[in-house]
Enquirer: 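Starting off with a structure, shown below.
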Amino acid sequence: MTLERPFDFLNGAMNKTVLVRMKDERELRGTLRAFDVHMNIVMDDTEELENDKVLKKIGSVLLRGDNIVFISP
Amino acid sequence: MTLERPFDFLNGAMNKTVLVRMKDERELRGTLRAFDVHMNIVMDDTEELENDKVLKKIGSVLLRGDNIVFISP
Amino acid sequence: MTLERPFDFLNGAMNKTVLVRMKDERELRGTLRAFDVHMNIVMDDTEELENDKVLKKIGSVLLRGDNIVFISP
Amino acid sequence: MTLERPFDFLNGAMNKTVLVRMKDERELRGTLRAFDVHMNIVMDDTEELENDKVLKKIGSVLLRGDNIVFISP
Amino acid sequence: MTLERPFDFLNGAMNKTVLVRMKDERELRGTLRAFDVHMNIVMDDTEELENDKVLKKIGSVLLRGDNIVFISP
Amino acid sequence: MTLERPFDFLNGAMNKTVLVRMKDERELRGTLRAFDVHMNIVMDDTEELENDKVLKKIGSVLLRGDNIVFISP
Amino acid sequence: MTLERPFDFLNGAMNKTVLVRMKDERELRGTLRAFDVHMNIVMDDTEELENDKVLKKIGSVLLRGDNIVFISP
């Protein structure tokens with residue numbers, strides 16, 4: 001992967017499935033639809049996971065960036 | 001859903017019911033009436049939920065954005 | 001309720017009784033007298049509540065905005 | 001009380017005794033001598049209280065604003 | 001090592017393996033691909049470690065800078 | 001004491017012994033040598049205290065301002 | 001020691017051994033090589049200490065400033 005800046009990573013992940021590790025240890029997995037400089041992101045078809053198991057289907061979400069540990073494709 | 005930026009998500013949710021996951025694990029469900037760039041939001045007919053059960057009806061609220069994990073329609 | 005921005009909510013609540021949910025789970029109830037863009041607020045005739053019971057009467061207060069979860073009329 | 005902005009509250013409290021509720025649940029009571037826009041304040045003749053009892057006399061203090069929950073006359 | 005500013009350290013570590021200590025005590029080890037002034041970083045071939053043992057392989061990640069304690073080559 | 005702004009308090013305390021209450025409940029006592037607008041301070045001959053007892057002598061320190069509750073002469 | 005501002009302290013400590021107390025109570029000891037206005041620092045030959053005992057040798061590190069309580073020579 002070649003990229004200039006971390007946010008290029010999010011451009012490359014648009015409309016693909018990403019996994020978001022949250023500060024409360026849970027994870028959200030969904031299709032990335034939008035992001036901004038605060039790392040606020042919008043995902044569709046989002047599921048909430050704990051220990052790799054689906055806890056709940058939550059559909060579309062706007063996730064506030066300050067809750068994020070990392071985002072992985 | 002096509003949108004340019006995360007806050008377009010909130011524009012699309014105006015005057016509709018949204019669910020707000022809070023950092024203290026509780027949830028607020030109400031009708032979105034206003035928001036700003038800090039993700040401060042105003043909702044009407046708001047209920048406070050815990051584990052999907054209604055704890056309390058709290059009517060109109062101004063919710064401070066830094067308490068939010070995610071907002072979902 | 002129609003409003004353009006969240007802080008219009010506070011303009012509409014001036015000189016009326018509001019309930020403030022705090023991050024430490026307590027609540028303050030008083031008459032809203034002033035606010036600023038940081039959500040710092042001044043209330044008169046303020047009572048501190050826990051589980052809907054009055055703990056203490058504390059009169060006038062300047063409340064620092066970063067302690068607030070939500071404000072409700 | 002009529003005031004335009006929350007910090008007018010502090011102007012009105014200058015050289016009077018104020019009670020400061022802290023985020024660690026303790027309280028400081030002293031004579032307000034100075035404040036700034038970060039809500040940093042200077043008090044003289046300050047006492048530290050816990051559950052309304054005086055724990056310690058600490059004289060003059062510069063208190064960093066981000067520790068404050070509320071200030072009350 | 002001679003460098004003018006801390007971020008020169010990251011320039012020198014580009015495309016090399018780095019270990020990232022996180023505020024939740026875990027560690028991520030991967031190949032540094034990008035960073036910005038907020039210390040947001042992108043790594044490839046990332047592994048999550050606890051007590052020096054590999055917990056999970058997580059591939060490419062965008063790690064939010066405010067979770068970082070330190071980065072070490 | 002008459003002063004215009006909280007930081008005048010620190011000007012008046014230069015080269016004198018001050019006690020710094022920290023957010024982790026410990027205290028540092030030393031001779032104030034420098035400060036800035038973030039309340040970062042430098043002290044010489046610093047001792048670390050817990051419950052008014054000296055835990056450790058730590059000499060000169062640069063203390064990061066966001067750890068401070070209050071500073072007292 | 002005479003200095004104008006806290007960061008002069010770090011200029012004086014360049015290429016010398018410093019001890020860094022962290023918010024998680026651990027300490028890092030190493031040779032200071034670089035710093036910036038956020039108090040991000042780079043150290044070489046760094047050791048991690050707990051209760052004055054060496055836990056681990058970690059070599060060169062870029063330490064994020066918001067983890068720091070104090071820095072001492």
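The basis for the numbers below is simple: all heavy atoms, side chains too, and nothing from hydrogens, waters or symmetry mates. Naming: A, B, ... by sequence-line order, numbering from 1 per chain. All values derive from a computational prediction rather than experimental measurement.
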Enquirer: Judged by atom type as modelled, is there a donor-acceptor pair below 3.5 Å linking the side chain of D:T46 to the main-chain atoms of D:R29?
Expert: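 Side chain of D:T46 to backbone of D:R29, a donor-acceptor pair under 3.5 Å: no, none is there.
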
Enquirer: Go through the structure and list residues passing side chain to side chain donor-acceptor pair (under 3.5 Å) with D:E27, not counting sequence neighbours.
Expert: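 In terms of side chain to side chain donor-acceptor pair (under 3.5 Å), with neighbours along the sequence ignored, D:E27 is linked to D:R21.
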
Enquirer: For C:K56, is it the side chain, the backbone, both, or neither that has a heavy atom closer than 4.5 Å to a heavy atom of chain D?
Expert: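 Just its side chain gets close to chain D.
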
Enquirer: Chain C heavy atoms under 4.5 Å from D:L10: which part of the residue, side chain, backbone, both or neither?
Expert: side chain

Enquirer: Using the test side chain to side chain contact (heavy atoms under 4.5 Å, CB included), find all partners of C:D36 that sit at least two apart in sequence or belong to another chain.
Expert: C:H38, C:N40, D:P6, D:F7

Enquirer: On a heavy-atom basis, which atom in C:L63 and which in C:V20 lie closest, and how many Å separate them?
Expert: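 Shortest heavy-atom separation between C:L63 and C:V20 comes out as CD2-CG1, 3.8 Å.
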
Enquirer: Using a heavy-atom distance cut-off of less than 4.5 Å, which residues of residues 48-55 of chain D contact chain C?
Expert: D:D52

Enquirer: Output the distance between atom OG1 (C:T17) and atom CG (C:D44), rounded to the nearest 0.5 Å.
Expert: 10.5 Å

Enquirer: List the atom of D:R5, the atom of C:A34, and the distance in Å for their closest heavy-atom pair.
Expert: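 Closest pair (atom of D:R5, atom of C:A34, distance): C-CB, 4.0 Å.
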
Enquirer: Measure the CE-CZ distance between C:M43 and C:R33 for me, rounded to the nearest 0.5 Å.
Expert: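 Reported to 0.5 Å precision, the distance equals 11.5 Å.
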
Enquirer: How about residues 64-73 of chain C versus chain D: which residues have heavy atoms under 4.5 Å apart?
Expert: C:R64, C:D66, C:N67

Enquirer: Check whether any side-chain heavy atom of D:L19 lies under 4.5 Å from a side-chain heavy atom of C:I58, and answer yes or no.
Expert: no

